Number of protein chains: 2
Amino acid sequence: MAKLTTQRQTILDHINSSNQHWNAVDLAHDLALRGHKIGIATVFRGLAALETEGLISSMQLKDKKCYERANKAHHDHMVCTSCGTIEEFSNDTIETLQEAAAADKGFDMTGHQLVIFGRCTSCNQKG
Amino acid sequence: MAKLTTQRQTILDHINSSNQHWNAVDLAHDLALRGHKIGIATVFRGLAALETEGLISSMQLKDKKCYERANKAHHDHMVCTSCGTIEEFSNDTIETLQEAAAADKGFDMTGHQLVIFGRCTSCNQKG
DNA sequence: GTGAGTGCAAATTTTTTGCACTGCG
DNA sequence: CGCAGTGCAAAAAATTTGCACTCAC
């Protein structure tokens with residue numbers, strides 16, 4: 001069991017008190033703005049430790065890993081390619097079909113990642 | 001319309017004549033082994049150009065972009081976390097449900113990425 | 001000769017690592 | 001003391017970019 005140090009507590013609180021998806025760099029920057037200067041390596045290691053403990057979850061985008069609160073039901077993500085907004089959605093049928101597809105190929109499925117790209121409602125309205 | 005130079009032709013032929021998923025670095029290395037030394041930047045630019053022309057397709061993993069032949073029906077990927085093998089699968093129902101989920105959120109869906117992680121058959125047998 | 005393409009090396013970006021140092025039990 | 005955690009700076013790894021050079025039309 002990793003230690004929940006002051007820095008990690010700060011990181012955890014910040015993630016828990018927001019509904020956003022944070023990547024290490026942005027989170028470190030935002031914390032610094034609020035007076036919590038934490039070394040970037042500590043943020044990376046802290047996030048990994050918190051995820052290992054199950055205190056936060058993550059999703060991987062091509063260029064960065066984003067962390068979010070853990071107390072949510074499983075869901076997948078929709079990313080707006082225009083403004084970067086991340087929305088969540090879930091569909092049990094899709095989940096089931098994925099398992100079936102894996103079984104069909106003899107895969108012992110351990111996880112999956114489904115990301116839908118597109119333009120969100122507000123970006124669409126802006127043209 | 002980009003030019004199909006000697007280098008790009010070489011890259012294209014290599015991808016078309018194999019059923020594998022290539023990332024730029026591995027492809028450049030493999031081509032070099034076969035006597036086709038192409039600068040890594042040229043490989044990156046060539047792959048991007050070929051994809052723009054629709055001559056090859058790609059999938060994005062967290063740490064690298066993999067290119068494959070374009071003359072295939074749409075499919076998603078299953079990646080073995082043990083040996084790195086990439087298998088393909090497709091499921092129309094999943095595709096449809098994704099569109100429905102996007103529409104439900106008011107997203108103008110432009111693409112998606114579904115990757116299933118797990119252990120492939122042969123890795124499972126090895127224990 | 002003009003513009004796209006090439007190759008090399010330097011720069012970028014995200015994340016990891018080495019290492020000396022700090023803090024708590 | 002013993003050790004996990006921290007911070008900084010250097011290292012990795014994939015990809016991009018600046019720039020001089022080459023080549024086909």
Side-chain angles (χ1 to χ4, degrees), chain A residues 1-15 20-53 55-68 77 79 81 84 86 113 115, chain B residues 1-15 20-53 55-68 77 79 81 84 86 113 115:
Chain A
M1 178 72 115
K3 290 182 190 166
L4 193 53
T5 59
T6 307
Q7 286 90 334
R8 293 183 180 177
Q9 188 62 251
T10 302
I11 293 172
L12 180 57
D13 287 348
H14 203 63
I15 292 176
Q20 296 176 51
H21 297 73
W22 294 96
N23 67 294
V25 175
D26 288 351
L27 194 151
H29 186 240
D30 198 55
L31 286 175
L33 287 181
R34 292 156 195 269
H36 303 290
K37 289 176 190 162
I38 303 180
I40 189 65
T42 301
V43 174
F44 272 101
R45 284 186 284 226
L47 285 169
L50 290 170
E51 182 177 23
T52 299
E53 299 293 320
L55 299 174
I56 55 178
S57 327
S58 73
M59 66 167 291
Q60 174 85 71
L61 291 185
K62 71 166 186 297
D63 54 344
K64 57 192 61 163
K65 194 164 185 177
C66 299
Y67 292 86
E68 58 184 311
H77 298 92
V79 180
T81 50
I86 301 178
Q113 162 130 20
V115 181
Chain B
M1 179 72 113
K3 289 182 192 169
L4 194 52
T5 60
T6 307
Q7 286 90 334
R8 293 183 180 177
Q9 187 64 251
T10 302
I11 292 171
L12 180 57
D13 287 348
H14 203 63
I15 291 176
Q20 295 175 51
H21 296 72
W22 293 96
N23 66 292
V25 175
D26 289 351
L27 195 151
H29 186 240
D30 198 56
L31 286 175
L33 286 181
R34 291 157 194 269
H36 303 290
K37 289 175 191 162
I38 303 179
I40 189 64
T42 301
V43 174
F44 272 101
R45 283 184 285 224
L47 286 169
L50 290 170
E51 182 177 23
T52 299
E53 299 295 318
L55 299 174
I56 54 177
S57 326
S58 73
M59 65 167 293
Q60 175 78 232
L61 291 184
K62 71 167 184 296
D63 53 346
K64 58 191 60 161
K65 193 165 185 175
C66 299
Y67 293 85
E68 59 185 309
H77 297 91
V79 180
T81 50
I86 300 180
Q113 162 129 20
V115 181

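Naming convention: chains lettered A, B, ... in sequence-line order (proteins, then strands); numbering from 1 in each chain. Note that the structure is predicted; figures quoted are calculated from it, not measured.
Atom-to-atom, NZ of Lys64(B) to P of dA13(D) comes out at 10 Å; the value is rounded to the nearest Å. Distance, Lys62(B) NZ to dT15(D) C1': 16 Å, rounded to whole Å. One can place CD1 of Ile11(B) at 12 Å from P of dG5(C), the figure rounded to the nearest angstrom. Rounded to a whole Å, the CG atom of Leu4(A) is 18 Å from the P atom of dG23(C). Atom pair Lys37(A):NZ and dG5(D):P shows a separation of 25 Å (rounding to whole Å applied). Between the NZ atom of Lys65(B) and the C1' atom of dT16(D) there is a distance of 13 Å, rounded to whole Å. Rounded to whole Å, the distance from CD on Gln7(B) to P on dA4(C) is 17 Å. Spacing between atom CD of Gln60(B) and atom C1' of dA13(D) amounts to 14 Å, rounded to whole angstrom units.
Near DNA chain C, meaning a heavy atom under 4.0 Å from it, residues 39-49 of chain B has Gly39(B), Ala41(B), Thr42(B), Arg45(B) in order of number. Remark: nothing in residues 24-36 of chain B comes within less than 4.0 Å of DNA chain D through any heavy atom.
Contact check for Val25(B) versus His29(B): no side-chain heavy atoms found under the 4.5 Å cut-off. Side-chain contact between Trp22(A) and Asp30(A): present, with at least one pair of heavy atoms (C-beta onward) separated by less than 4.5 Å.
For Glu51(B) against Ser57(B), the heavy-atom pair with the smallest separation is OE2-C, 4.3 Å. The two residues Ile40(B) and Ala24(B) have their closest heavy-atom pair at CD1-O, 4.0 Å.
Within the 3.5 Å criterion, the main-chain N or O of Leu50(B) finds no donor-acceptor partner in the side chain of Arg8(B). Between the side chain of Gln7(A) and the main chain of Gly46(A), no donor-acceptor pair closer than 3.5 Å is present.
In this model, the phosphate group of dC23(D) is not approached by any side-chain N or O of Thr5(B) to a distance below 4.0 Å at OP1 or OP2.
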- Item | Evaluation steps, side-chain contact (heavy atoms from CB on, under 4.5 Å), between Arg34(A) and His14(A) | CA-CA 10 Å; Arg34(A) 292 156 195 269; His14(A) 203 63; 3.4 Å; yes
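Within the 6.0 Å centre-distance limit, the rings of His77(B) and His21(B) are counted as a close aromatic pair.
The one candidate from Ile38(A), Thr5(A), Val43(A) that meets the side-chain contact (heavy atoms from CB on, under 4.5 Å) condition with Thr10(A) is Ile38(A).
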